[in-house]
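Inspection log for the structure reproduced underneath, given as C-alpha cells.
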Amino acid sequence: MRILDQYTTLWVCVNCIMHHANGECGDCHNPDGHEGGEPLSRVDYRNSTMGMPYSEHDEECLRFLMGSDAPGDYECDCETITFSTRDCDGCGSEFHGERHAMTEWSK
C-alpha cells in the first residue's frame with residue numbers, strides 16, 4: 001500500500017460535498033439541473049476525501065482531536081467556512097455561501 005503524502009485542500013460548495021458523501025444533492029432533482037456547475041467536475045473524486053488532514057487544523061482544534069479532553073459533542077469548525085464569496089473548487093460555482101473542506105491527494 002502506497003501512502004500519499006502530497007495533497008491540496010479544496011473548498012467546495014454544499015452540492016459538491018453532498019455528491020461526494022451521498023452520490024447526489026438537492027439540485028439533482030431540480031428540473032433546471034445543478035446551480036452553478038456539475039458537482040465535482042473540477043476534482044478527481046477518486047483521489048479525494050472529505051475534510052482535511054490533521055496538519056491543516058488550527059492548534060486549538062488539534063488539542064481536542066488528538067487529546068482525550070474533547071467533550072462528547074465537540075465538532076471541529078476548521079473544515080467549514082460558513083460564508084464565502086470564493087468560487088467553489090469542486091464545480092466552479094460562483095454562488096456565495098458555505099464551503100466545506102475536501103482533500104485531493106496527489107500520486
Quick one: are W105 and P53 in side-chain contact, heavy atoms under 4.5 Å? yes

According to side chain to side chain donor-acceptor pair (under 3.5 Å), who are the partners of E56, at least two apart in sequence or on a separate chain? Y7

Nearest-0.5 Å distance that lies between atom CG in L40 and atom SG in C88: 8.0 Å

How far apart are the closest heavy atoms of G51 and E79, and which atoms are they? CA-OE2, 3.5 Å

Hey, are the side chains of M102 and H20 touching, using non-hydrogen atoms and a 4.5 Å cut-off? yes

Can you name the side chain to side chain donor-acceptor pair (under 3.5 Å) partners of D87, sequence neighbours left out? none

Does CD in E94 sit with more than 12 non-hydrogen atoms of other residues, nucleotides or ligands closer than 6.0 Å? no

Under 3.5 Å, side-chain donor or acceptor atoms of residues 9-16 against the rest of the protein: list the pairs with distances, not counting sequence neighbours.
| unit_1 | atom_1 | unit_2 | atom_2 | d |
| --- | --- | --- | --- | --- |
| N15 | ND2 | D27 | OD2 | 2.8 |

Provide the closest heavy-atom pair for M52 versus C78 in the form atom of the first, atom of the second, distance. CE-O, 3.4 Å

Residues at least two apart in sequence or cross-chain that pass side chain to side chain donor-acceptor pair (under 3.5 Å) with E104, listed by chain then number, are none

Would you give the length of the straight line joining atom CE of M18 to atom SG of C25, rounded to the nearest 0.5 angstrom? 8.0 Å

Could you give all pairs that pass the salt bridge (Lys or Arg N to Asp or Glu O under 4.0 Å) test and reach residues 36-46, with sequence neighbours left out? D44-R46

Mind checking who shares a hydrophobic cluster with F83, ILVMFWY linked at side-chain heavy-atom distances under 4.5 Å? none

Closest non-hydrogen contact found for S93 with R99 is O-NH2, 3.9 Å

T80: side chain to side chain donor-acceptor pair (under 3.5 Å) partners, not counting sequence neighbours: none

